[in-house]
Amino acid sequence: MSDDWTQIRGRVAAMDTASVVRALRSTVGITLTQAMVGVPDRSRVESWAAGTGETPTASEAARIRLGHALWLNVAAHEGASTALSWLVGSNPWLGDATPVTAIREGREAEVVQAVHALVDDRGGS
């Protein structure tokens with residue numbers, strides 16, 4: 001799983017921010033994207049996706065990239081519907097918070113550990 005995770009993170013890091021926002025929005029929807037990043041206004045996410053005007057702060061962009069990389073990783077190992085369920089479901093690795101909440105709160109190490117636990121439990125490498 002580490003090699004997969006490293007490759008996914010590298011691919012997401014190489015994408016421009018607008019592309020990452022569009023990809024995340026298309027896979028999890030604008031509401032979850034907004035919740036992950038922690039912005040109250042949907043129009044900000046749409047503006048970022050369009051690549052016009054306002055850009056996300058460094059911490060917002062980091063949360064967007066993390067969320068997209070996590071979704072890609074879970075989807076690659078478990079499927080898209082499981083990836084979506086995993087993002088919004090209570091997670092014991094996160095003190096029963098959801099991964100979306102953990103991403104918004106900047107708990108990157110914990111949420112990465114949670115995704116490793118999921119994928120490793122499945123028997124993936």
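Hydrogens, waters and symmetry mates are skipped; everything else that's a heavy atom, side chains included, is used. Computed from a prediction, not measured in an experiment: that's the story for all the values here.
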**Prompt:** Please walk me through it: do Arg25 and Glu46 pass side chain to side chain contact (heavy atoms under 4.5 Å, CB included)?
**Reply:** CA-CA 9 Å; Arg25 184 190 61 187; Glu46 291 297 348; 2.5 Å; yes
**Donor on one side chain, acceptor on other, Arg9 and Thr6, under 3.5 Å** = no
**Request:** Verify whether one side chain among Thr17 and Arg65 offers a donor that lies under 3.5 Å from an acceptor in the other.
**Result:** yes
Ignoring hydrogens, what is the shortest heavy-atom contact between [X] and [Y]? Give both atom names and the distance.
X	Y	answer
Ala69	Ile8	O-CG2, 3.6 Å
Ala83	Ala75	CB-N, 3.6 Å
Ala97	Arg107	CB-NH1, 3.9 Å
Ala18	Gly51	CB-CA, 3.9 Å
Ala23	Ser26	O-OG, 2.9 Å

Side-chain donor or acceptor of [X] paired with backbone N/O of [Y] under 3.5 Å:
X	Y	value
Arg44	Val39	no
Glu54	Trp48	no
Ser47	Ser43	no

**Request:** Using side chain to side chain contact (heavy atoms under 4.5 Å, CB included) as the criterion, point out the one residue from Leu32, Leu70, Ile64 that pairs with Ile103.
**Result:** Leu70
**Prompt:** Between Leu87, Asp120, Val74, which is the residue that forms a side chain to side chain contact (heavy atoms under 4.5 Å, CB included) with Val115?
**Reply:**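 That would be Val74; it is the only one of Leu87, Asp120, Val74 passing the side chain to side chain contact (heavy atoms under 4.5 Å, CB included) with Val115.
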**Message:** Could you go through Trp5 and Val119, starting from their C-alpha distance and side-chain angles, then the distance that decides it, and tell me whether this counts as side chain to side chain contact (heavy atoms under 4.5 Å, CB included)?
**Reply:** CA-CA 10 Å; Trp5 178 243; Val119 172; over 6 Å; no
Rounded distance (nearest 0.5 Å) linking atom [atom1] of [X] with atom [atom2] of [Y]:
X	Y	atom1	atom2	answer
Thr101	Asn91	OG1	CG	10.5 Å
His77	Leu118	NE2	CG	9.5 Å
Glu110	Glu105	CD	CD	8.5 Å
Asn73	Trp86	CG	CH2	8.5 Å

**Request:** Please step through side-chain hydrogen bond (donor to acceptor under 3.5 Å, both in side chains) for the pair Arg42 and Thr31, ending with a clear verdict.
**Result:** CA-CA 7 Å; Arg42 295 168 59 101; Thr31 301; 3.0 Å; yes
**Item:** Chi angles and distances behind the side chain to side chain contact (heavy atoms under 4.5 Å, CB included) call for Leu94, Gln113
**Value:** CA-CA 9 Å; Leu94 302 170; Gln113 184 178 27; over 6 Å; no
**Asked** For the hydrophobic clusters of this structure (ILVMFWY residues joined by side-chain heavy atoms under 4.5 Å, transitively), does one cluster hold both Leu84 and Val12?
**Response** yes
**Message:** Quick one, Val45 with Val37, criterion side chain to side chain contact (heavy atoms under 4.5 Å, CB included). Give me CA distance, side-chain angles, the key distance, then yes/no.
**Reply:** CA-CA 9 Å; Val45 175; Val37 180; 5.7 Å; no
